[in-house]
Student: 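Okay, handing you the structure first.
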There are 2 protein chains.
Amino acid sequence: MSWMRTYQHPDLATVTIEHALHALSDPVRLDIVRQLDREIEASCAALDGGRPKSSMSHHFRVLRAAGLVHTRIAGVQHMNTLRREEVDKRFPGLLDAVLGVKG
Amino acid sequence: MSWMRTYQHPDLATVTIEHALHALSDPVRLDIVRQLDREIEASCAALDGGRPKSSMSHHFRVLRAAGLVHTRIAGVQHMNTLRREEVDKRFPGLLDAVLGVKG
DNA sequence: CCTATAGTTCGATTATATTCGTACTATCAT
DNA sequence: ATGATAGTACGAATATAATCGAACTATAGG
């Protein structure tokens, strides 16, 4: 069984709007995305709200599969970024709308 | 047990973005919303894609609960409209972004 | 009143997601 | 090497959602 040293990130062209909307519709994941929108780059641990690692790992996997988040391995940490430009190109205005909502 | 003669439509202020995104993330419902965006008003039957009535009823209920669709009873038909202005006010740019995507 | 039509409700089934403990791996520092 | 740290993989439990048949209701028309 092989282990990962890099992540697979899908081409945004292969991501459907339904897929992206589903990924964004979970409160934990939306919270991650909101933080990444401000933080530029953050480790997984920096974004858990005291939640178990295995739960967070699941949510990051979903966000990556939906083309929303990029994860890069930096030593012992996995650093995450929003794929802003690519998502904006594929779904113009979507992140602006989603992230612009208050309360 | 009482029966309905009118529908309950939530105040958009009580609808969260997560709720709206979830409602939009289902392909059947997104299809309904896309059609309503063009059709102005349509009966439930006009929007099923040959799907069972009970399935459609479920999806319309979800769309109403998310504040996206308004249903008015007109005789034997239930006419649906997109709550465009209200949704646009609550979630500016969201419907534009979601409906603007091709493929 | 009888029948057809449009849609809901109920209930069961199946499918999909979430949560999280445990075991594991990779990297870094000592 | 040992230990600590960050995160994944697996597996199982639980929760949430989708699907759809069958029974039902309300309205309209003959």
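Chain identifiers are assigned alphabetically (A, B, ...) following the order of the sequence lines, protein sequences preceding nucleic acid strands; residue numbering begins at 1 within each chain.
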Student: With sequence neighbours excluded, what pairs up with A:H22 under the side chain to side chain donor-acceptor pair (under 3.5 Å) test?
Tutor: none
Student: Could you tell me whether the side chain of B:R29 reaches within less than 4.5 Å of the side chain of B:V62, counting heavy atoms only?
Tutor: yes
Student: List, with names and distances, any nitrogen or oxygen atoms from the protein found under 3.5 Å away from nitrogen or oxygen atoms belonging to nucleotides 15-18 of chain D.
Tutor:
from	atom 1	to	atom 2	distance (Å)
D:dA18	OP1	B:R29	NH1	3.2
D:dA18	OP1	B:R29	NH2	2.9
D:dA18	OP2	B:R29	NH1	3.4
D:dA18	OP2	B:H58	NE2	3.0

Student: Applying side chain to side chain contact (heavy atoms under 4.5 Å, CB included), name anything that partners A:A97, two or more places apart in sequence or on another chain.
Tutor: B:L94
Student: Could you tell me how far apart A:M79 (CE) and D:dA6 (P) are, to the nearest whole angstrom?
Tutor: 12 Å
Student: Give, for atom CE of B:M79 and atom OG1 of B:T81, the distance between the pair rounded to the nearest 0.5 Å.
Tutor: 9.0 Å
Student: Just jot down the side chain to side chain donor-acceptor pair (under 3.5 Å) partners of B:E86, sequence neighbours excluded, or say none.
Tutor: B:R83
Student: Does a nitrogen or oxygen in the side chain of A:Y7 sit under 4.0 Å from OP1 or OP2 of D:dG7?
Tutor: no
Student: Once you round it to whole Å, what is the distance between P of D:dT8 and CD of A:Q77?
Tutor: 12 Å
Student: Check side chain to side chain contact (heavy atoms under 4.5 Å, CB included) between A:T14 and all other residues, then give those that pass, not counting sequence neighbours.
Tutor: A:P10, A:D11
Student: Under 4.0 Å from any atom of DNA chain C, heavy atoms only: list the residues of residues 41-51 of chain B that qualify, in numerical order.
Tutor: B:S43, B:C44, B:A45
Student: For the pair made of NE2 in A:H78 and P in C:dT25, what is the distance, rounded to whole Å?
Tutor: 14 Å
Student: Scan nucleotides 21-23 of chain D against the protein and return all N/O pairs shorter than 3.5 Å with their distances rounded to 0.1 Å.
Tutor:
from	atom 1	to	atom 2	distance (Å)
D:dG21	N7	B:S54	OG	3.1
D:dG21	O6	B:S54	OG	3.2

Student: Could you state the NE2-C1' distance from A:H19 to C:dT16, rounded to the nearest angstrom?
Tutor: 13 Å
Student: Just how far, in rounded Å, is P of C:dG7 from CG of B:L63?
Tutor: 15 Å
Student: At what distance, to the nearest 0.5 angstrom, does CG of A:L68 lie from NE2 of A:H19?
Tutor: 8.0 Å
Student: Ring centres under 6.0 Å, that's the criterion: do B:H78 and B:F60 meet it?
Tutor: no
Student: With rounding to the nearest 0.5 Å, note down the distance linking CG in A:L24 to CD1 in A:I17.
Tutor: 8.5 Å
Student: CE of B:M56 versus P of C:dT5: gap in Å, rounded?
Tutor: 19 Å
Student: Under 4.0 angstrom, heavy atoms only, what part of the nucleic acid is B:R72 near: base, sugar-phosphate, or nothing?
Tutor: nothing
Student: Report, one pair per line, the protein and nucleotides 27-30 of chain D atoms (nitrogen or oxygen only) whose separation is under 3.5 Å.
Tutor:
none

Student: By side chain to side chain donor-acceptor pair (under 3.5 Å), which residues pair with B:T71, not counting sequence neighbours?
Tutor: B:R64, B:N80
Student: For residues 31-53 of chain B, which side-chain donor-acceptor pairs fall under 3.5 Å, sequence neighbours excluded?
Tutor:
from	atom 1	to	atom 2	distance (Å)
B:D31	OD2	B:Q35	NE2	3.3
B:D37	OD1	B:R84	NH2	3.4
B:E41	OE1	B:R72	NH2	3.1
B:E41	OE2	B:R72	NE	2.9
B:E41	OE2	B:R72	NH2	3.0
B:S43	OG	B:A46	N	3.2

Student: Does B:R61 have a side-chain nitrogen or oxygen under 4.0 Å from the phosphate oxygens OP1 or OP2 of C:dG7?
Tutor: no
Student: Which residues pass the side chain to side chain donor-acceptor pair (under 3.5 Å) test with B:H58, sequence neighbours left out?
Tutor: none
Student: Look up atom CG in A:L99 and atom CG in A:L30, then write down how far apart they are to the nearest 0.5 Å.
Tutor: 7.0 Å
Student: With sequence neighbours left out, what residues match A:H59 under ring pair (Phe, Tyr, Trp, His ring centres under 6.0 Å)?
Tutor: none
